[in-house]
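Side-chain atoms are counted along with the backbone in the values below, which use heavy atoms only and exclude waters and symmetry mates. Predicted model only: the values in this text are computed from it and were never measured.
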Amino acid sequence: MNDLMGNALRFSTRLKACANETARQTPASDALFEGRLLGAEVSPGLYATGYDLTYLQDRAVEFEVGVSLTCGLLLEGAANPMRVPGHDPVTQIQHQPVLFGFGTTGECSVKWRCGQRCAMGGFSLRPTFFERFGETVAEDGLAALQGFFRSDFRTDRLRPSPQLSRMAAASINNAFVNEMEALFLESSTLAMVVEVGALIDGRQRAQTIPARHRRILMLACEKLDADLVCLPTTVELAREVGTNVTTLQRLFRQSLGTTILGYVQRRRLEVARMMLQERTGSVGEIGHSVGYASASAFSAAYRRHFGHSPTSEG
C-alpha cells in the first residue's frame, strides 16, 4: 500500500498532505513538519487518513481538494482553523468529530505554527464508496453521509464518541506491517464509518422527540454510563430523571433503537473493548469490571456484538 505512515519520518513540502489533497506550497529546502502520516485507500472509495505531526516552520499552505467527504477527529495537540473561501472557518475541538465535504473541486488553506503538534485521525470517502450499496442507500446515517456530495461545501459536527476516538488513535499508532496492516486499516476504517453513521442516525432519531424528552434521555444515559455495574432499577432510573417507566422505555426505543438493557449491554462492551486495546487486564478481569459474572459470558456477548473474540483485541 502506498503512502502508509512511517515512524518518526521527516517530510518536505513536496509530499502530498493527504491522498486527495495536492499541496500548492512552493518546495523549500527545509522540512515543514516531522512525525507520522497516514493516507491509504483501504477499499474502493474509502481512505484511512491521519497524522501525528510537529510543524517546524510558520507557514500558510493552500490545497486543492477533490470531491470527497472527510471525517476529522483531533486526538491531541491543537489544530488551526481550515479556511474555505466563502464559508466559516472549520475549527477542531479535541475528540469531537467534524465532517466536511466537497461536492465539487474546491480550495482550502491552513496556517501552521512552528513547534505546534497536532494528532488527527479519521477517514475520507469518495462517491465511488457508495456504489457498493446500489442505487439507493437505505440506512439513514449512511444516506446522510452520501448527501454531503450534493453541496459545493458543507460541514457538520457530531457528539464526541470514545469508541471513535479509540479507533482513530489505533489506526495512526498501529504496529502491523504489510498484509496485516492492510487488513487492520480496512477493518478499523470501515468501523469508523459505521460509528459515524450510527452517530448521525442517533441524532436524527433524537430530533424527532420534544426537547424535554431529549433532556430526559440524555440524563438517563449519563446516569447509566456513570456506573455500568451497579445499575439502578428501571423504576429508580425513571424517578431520578423525572419521568415514568413507560415513557423512559419508549424514549430509548424511539431515539436509540434499543431497550434500556440493550443500551447498557452495548456500553459495557464498548468500554470493555477500549480496556482490552489498552491492555489493562485479562479478559476475565475486564469482563468482570464491566458487569459480567464470568469470562465465558463476557466472551460470548463480545463475539455476538463485535463479530470476534475479545482475545483478538489489543
Task: Remaining members of the apolar cluster that contains Val235, side-chain heavy atoms under 4.5 Å - done: Val245
Task: Side-chain donor-acceptor contact under 3.5 Å, Asn173 with Arg36 - done: yes
TODO: Indicate yes or no for a side-chain donor-acceptor contact from Ser255 to the backbone of Phe252 under 3.5 Å, with no hydrogens or angles considered.
DONE: no
Task: Backbone N/O of Gly262 and side chain of Thr259: donor-acceptor pair under 3.5 Å - done: yes
Task: Side-chain touch Arg117/Asp52, heavy atoms, less than 4.5 angstrom - done: yes
Open item on the list: Any non-hydrogen side-chain atom of Leu190 less than 4.5 Å from a side-chain atom of Met192?
Closed with: no
Task: Ser171 (side chain) donor-acceptor with Met167 (main chain) under 3.5 angstrom - done: yes
Task: Min side-chain heavy-atom separation Val193-Phe129 under 4.5 Å - done: yes
Task: Donor-acceptor pair between Asn80 and Gln116 side chains, under 3.5 angstrom - done: yes
TODO: Assess whether side chain to side chain donor-acceptor pair (under 3.5 Å) is satisfied between Ser161 and Arg159, documenting all intermediate values.
DONE: CA-CA 6 Å; Ser161 163; Arg159 67 172 177 81; 5.5 Å; no
Open item on the list: Less than 4.5 Å apart, side chain to side chain, heavy atoms only: is that true for Val67 and Phe102?
Closed with: no
Sequence neighbours left out, cut at 3.5 Å: what donor-acceptor pairs do the side chains of residues 196-203 make with other protein atoms?
{"unit_1": "Asp201", "atom_1": "OD2", "unit_2": "Arg205", "atom_2": "NE", "d": "3.2"}
{"unit_1": "Arg203", "atom_1": "NH1", "unit_2": "Asp156", "atom_2": "OD1", "d": "3.2"}
{"unit_1": "Arg203", "atom_1": "NH1", "unit_2": "Asp156", "atom_2": "OD2", "d": "3.4"}
{"unit_1": "Arg203", "atom_1": "NH1", "unit_2": "Arg157", "atom_2": "O", "d": "3.0"}
{"unit_1": "Arg203", "atom_1": "NH2", "unit_2": "Asp156", "atom_2": "OD2", "d": "2.5"}

TODO: Start with the C-alpha gap between Arg126 and Glu41, add the side-chain angles, then the distance that decides, and say whether side chain to side chain contact (heavy atoms under 4.5 Å, CB included) holds.
DONE: CA-CA 10 Å; Arg126 308 296 186 274; Glu41 185 173 21; over 6 Å; no
Task: Min side-chain heavy-atom separation Leu46-Thr128 under 4.5 Å - done: no
- [ ] Decide yes or no on side chain to side chain contact (heavy atoms under 4.5 Å, CB included) for Arg267 and Tyr263, but give the supporting numbers first.
- [x] CA-CA 6 Å; Arg267 292 293 295 129; Tyr263 172 83; 3.5 Å; yes
Open item on the list: Are Val137 and Phe130 packed together at the side-chain level, in the sense that at least one heavy-atom pair is separated by less than 4.5 angstrom?
Closed with: yes
Open item on the list: Under the criterion side chain to side chain contact (heavy atoms under 4.5 Å, CB included), I'd like the reasoning laid out for Phe176 against Leu185: C-alpha separation, chi angles, the key distance, then a yes or no.
Closed with: CA-CA 9 Å; Phe176 297 108; Leu185 287 176; over 6 Å; no
TODO: Mark yes or no for whether Arg268, through its side chain, and Val290, through its backbone, hold a donor-acceptor pair below 3.5 Å.
DONE: yes
- [ ] Sort and list the pairs that fulfil ring-ring contact (aromatic ring centres under 6.0 Å, His included) and have at least one residue in residues 269-293, not counting sequence neighbours.
- [x] Tyr292-Phe298
Open item on the list: Determine whether Phe100 and Phe153 satisfy the following criterion, side chain to side chain contact (heavy atoms under 4.5 Å, CB included), listing intermediate values before the conclusion.
Closed with: CA-CA 7 Å; Phe100 54 93; Phe153 179 73; 4.0 Å; yes
